[in-house]
Amino acid sequence: MQDTGTKLGQGSAQLRCIGCGALHQSADRDFRCPDCGDLFEVIYPQWKSSQRGSALDPIVLGNVWRQRRASHALADRSGVWRFRELLPNLGDLESVISLSEGNTPVYELAKCARIARMERLFAKHQGMNPTGSFKDTGMTVAATLARLEGFRWVACASTGNTSASMAAYAARGGMRSVVLIPEGQVSWGKLSQALDYGAVTCQLKTDFDGCMRVLNEVVQRMPVCLLNSVNPYRLEGQKTAAIELLEQFNWEAPDHIIVPGGNLGNSSALGKACLEMRELGLISRLPKISIIQAEGANPLVRAMRENGGKKLSPMRADTMATAIRIGNPASWKKAVRVLEATGGTVEQVSEIEIALAKAEIGADGIGCEPASAVTLAGLKKLVKQGFVKPNELVVLILTGHMLKDPDFTIKFHRGDLFPDKKDEAAILKAQQRAPIVLDANAETVLKVLEQA
Ligand code: F0G
């Protein structure tokens with residue numbers, strides 16, 4: 001592989017450094033500001049001049065987006081590119097790499113609402129994306145732009161979902177992909193996806209943060225497009241989940257959106273979308289965006305509590321919710337800005353609280369992976385604290401599909417998740433339903449049913 005010096009930048013959109021504010025047309029391969037080393041965000045200077053009745057008028061936008069739902073064109077069938085007025089302008093939609101991502105459902109969670117002492121509760125299930133996680137919404141944009149810029153290789157470090165998604169979009173787009181994952185810390189479901197979609201899959205003897213460190217060096221030394229969420233075009237795609245959510249709520253913002261926090265790209269993207277929608281007049285008030293972390297992987301919670309989010313100290317992370325086992329989140333400054341701009345908060349939840357919440361969501365007929373369940377576990381705490389009122393409208397963002405990590409679910413129901421915490425884990429019993437092994441006759445089955 002030769003270094004062609006390829007950079008990534010896109011037409012009318014500009015890159016602005018979140019640290020020093022410098023404006024750039026394109027980014028170096030590490031997506032860091034050459035002046036101060038901070039991350040970029042995508043901005044659209046031409047929006048400022050938009051007028052009523054123009055293509056960015058909220059009524060015009062709402063109508064155009066609705067009409068596209070009846071279209072069969074590839075870009076219109078995508079729940080990301082359907083909102084392309086708020087994305088980098090591709091010019092030619094033929095170049096889109098899409099798996100019909102987005103278009104994810106909002107479910108009402110009746111039992112979970114009662115458990116959390118809410119009148120009503122909703123979940124937007126981003127796990128219903130083509131590769132089973134919210135990453136697809138960002139990947140369609142970042143992979144499309146990578147290919148347009150001439151990259152033949154894409155790369156990421158991952159706790160599993162990014163790698164699964166990136167490998168799929170690279171395969172669809174005729175690019176090669178390389179993934180760095182922490183050995184022994186990625187669920188089989190996610191690892192098997194990367195393998196099947198043809199990624200060069202490297203299991204490194206380190207954690208996610210270590211993989212990220214190695215990857216940063218790799219991208220400096222070969223012409224490969226970095227598709228982690230430091231790539232600001234990923235976040236532009238992930239932004240559309242909030243736009244679609246607001247459309248599903250008829251442009252009435254919910255009071256709260258609750259999202260898991262790992263590398264903190266997703267919370268940043270959802271917040272950016274809400275601020276932009278308000279700027280464009282699509283919504284008149286902002287939902288509070290709150291971020292929930294696992295107790296063992298809580299660098300943002302610590303930073304907010306210890307110094308109001310001015311400084312984040314990296315930590316060694318540990319949680320069974322492997323998707324969010326991250327101690328040095330890249331996008332923490334963006335996430336702090338979202339918390340401040342929307343009035344949201346942070347909370348942390350224990351391993352047992354995560355496991356319980358996941359089973360409770362399951363009992364509503366909705367599967368999700370452990371990292372997604374932190375949202376319900378966190379909500380319960382926020383209601384107890386009075387931060388969320390029972391009559392408020394809350395939407396949980398479920399980020400990954402239950403089948404990503406069936407091992408966790410099986411262990412939960414067999415009572416094997418917490419071998420060293422039997423007493424504490426006793427509260428899980430009511431939700432546990434281990435499979436029952438029986439002789440093959442009707443009598444034994446009927447007997448079991450009587451007891452049920
Ligand atoms: N939920 C799931 C299911 C995830 O896979 C991730 C992140 C998150 C939540 C956290 O989102 O990082 O934007 O704050 N997974 C990444 C990965 C890190 O490599 O798949 P975040």
Side-chain angles (χ1 to χ4, degrees), residues 39 104 123-129 131-139 155-168 179-182 185-187 189-191 193-194 199 201 207-212 215 226-232 234-235 237-239 241-242 258-272 289-294 297-301 317 319-336 338-339 346 349 354 358 361 367-375 378 396-405 408:
L39 294 182
T104 58
K124 180 156 178 70
H125 203 332
Q126 291 296 92
M128 305 302 268
N129 268 292
T131 76
S133 85
F134 68 98
K135 307 287 181 180
D136 296 341
T137 55
M139 213 49 84
C156 71
S158 181
T159 56
N161 280 325
T162 302
S163 52
S165 179
M166 185 190 74
V179 309
L180 306 189
I181 53 174
Q185 297 171 32
V186 168
S187 71
K190 299 173 189 179
L191 176 61
Q193 286 180 291
T201 303
D207 54 12
F208 169 82
D209 303 297
C211 290
M212 205 62 234
L215 185 64
L226 180 60
L227 290 191
N228 276 98
S229 54
V230 294
N231 178 329
R234 269 268 313 274
L235 301 194
Q238 282 173 216
K239 212 172 75 171
I258 301 186
V259 59
N263 216 14
L264 298 173
N266 203 32
S267 39
S268 305
L270 301 176
K272 184 172 192 280
I289 298 184
S290 294
I291 303 172
I292 314 296
Q293 295 194 302
N298 63 350
L300 180 71
V301 176
T319 167
M320 274 192 269
T322 49
I324 51 174
R325 190 175 188 166
I326 295 174
N328 189 14
S331 295
W332 69 272
K333 285 188 193 165
K334 291 185 180 181
V336 169
V338 167
L339 292 170
V346 289
V349 291
I354 296 171
K358 189 179 110 57
I361 295 169
C368 69
E369 65 170 284
S372 307
V374 301
T375 52
L396 310 178
I397 305 293
L398 302 181
T399 44
H401 199 282
M402 144 126 87
L403 296 178
K404 287 280 190 173
D405 194 356
F408 182 100

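Counting starts at 1 for both ligands and their atoms, in listed order. Sequence positions, counted from 1, serve as the residue numbers for this chain.
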Asker: How close do Ala241 and Leu270 get, heavy atom to heavy atom, and via which atoms?
Answerer: CB-CD2, 4.0 Å

Asker: Answer with yes or no whether the side chains of Lys272 and Gln238 bring together a donor and an acceptor at under 3.5 Å.
Answerer: no

Asker: Which of the atoms of ligand 1 are close to Asn263, meaning less than 4.0 Å from one of its heavy atoms?
Answerer: 12 (O), 14 (O), 21 (P)

Asker: Any side-chain donor paired with an acceptor under 3.5 Å for Gln126 and Thr104?
Answerer: yes

Asker: Tell me which protein heavy atom sits closest to atom 8 (C) of ligand 1, plus the residue, atom name and distance to 0.1 Å.
Answerer: Ile324 CG2, 3.6 Å

Asker: Out of all atoms in ligand 1, which are within 4.0 Å of some heavy atom of Ala323? Include the element for each.
Answerer: 2 (C), 3 (C), 4 (C), 5 (O), 6 (C), 7 (C), 15 (N), 18 (C)

Asker: Which heavy atom of Ala317 sits nearest to which heavy atom of Gly327, and what is that distance?
Answerer: CB-N, 3.6 Å

Asker: For atom 1 (N) of ligand 1, grab the closest protein heavy atom and report residue, atom and distance to one decimal in Å.
Answerer: Thr399 OG1, 2.7 Å

Asker: When you compare ligand 1 with Asn266, is there at least one nitrogen or oxygen pair between them that comes in under 3.5 angstrom?
Answerer: yes

Asker: In terms of atom number and element, which parts of ligand 1 are under 4.0 angstrom from non-hydrogen atoms of Gly262?
Answerer: 10 (C), 12 (O), 14 (O), 21 (P)

Asker: Shortest non-hydrogen contact from His401 to His125?
Answerer: CA-CE1, 4.3 Å

Asker: Is Asp209 reaching over with its side chain to a backbone N or O of Asn328, donor-acceptor style, under 3.5 angstrom?
Answerer: yes

Asker: Under 4.0 Å from a heavy atom of Ala371: give me the atoms of ligand 1 that qualify, with their elements.
Answerer: 1 (N)

Asker: Could you tell me whether ligand 1 has any atom less than 4.0 Å away from a heavy atom of Gly261?
Answerer: yes

Asker: Quick check: does Thr162 get an N/O under 3.5 Å from an N/O on ligand 1?
Answerer: yes

Asker: If you count the atoms of ligand 1 from 1 in the order shown, which ones are under 4.0 Å from a heavy atom of Ile326?
Answerer: 18 (C)

Asker: Run the numbers for me: atoms of ligand 1, each under 4.0 Å from some heavy atom of Leu264, listed by number.
Answerer: 12 (O), 13 (O), 14 (O), 21 (P)

Asker: Please name the pair of heavy atoms, one in Gly262 and one in Gln293, separated by the smallest distance, quoted to 0.1 Å.
Answerer: O-NE2, 4.2 Å

Asker: Hey, does Asn161 come in under 3.5 Å of ligand 1, counting only N/O atoms on both sides?
Answerer: yes

Asker: Only heavy atoms of Gly265, strictly under 4.0 Å: list the atoms of ligand 1 that pass.
Answerer: 13 (O), 14 (O), 21 (P)

Asker: Specify the closest pair of heavy atoms between Pro260 and Ile291, including all atoms of both residues, with the distance to one decimal.
Answerer: C-CG2, 4.3 Å

Asker: Going by the order shown, which atoms of ligand 1 are within less than 4.0 Å of some heavy atom of Glu369?
Answerer: 3 (C)

Asker: To the nearest 0.1 Å, how far is atom 11 (O) of ligand 1 from its closest protein heavy atom, and which atom is that?
Answerer: Phe134 CZ, 3.4 Å

Asker: Counting only nitrogen or oxygen atoms and a 3.5 angstrom limit, does Thr159 reach ligand 1?
Answerer: yes

Asker: Is a side-chain donor or acceptor of Ser290 paired with a backbone partner of Ile258 at a separation under 3.5 angstrom?
Answerer: no

Asker: Which heavy-atom pair separates Ala123 from Leu398 by the least distance, and what is that distance?
Answerer: CB-CD1, 3.7 Å

Asker: Suppose we measure from atom 16 (C) of ligand 1 to each protein heavy atom; which comes out shortest, and what is that distance?
Answerer: Lys135 NZ, 2.9 Å

Asker: Taking Lys190 as the fixed residue, which of Thr162, Asn161, Thr131 is the one that meets the side-chain contact (heavy atoms from CB on, under 4.5 Å) rule?
Answerer: Asn161

Asker: I want to know if ligand 1 touches Ser163 in the polar sense, i.e. an N/O pair below 3.5 angstrom.
Answerer: no

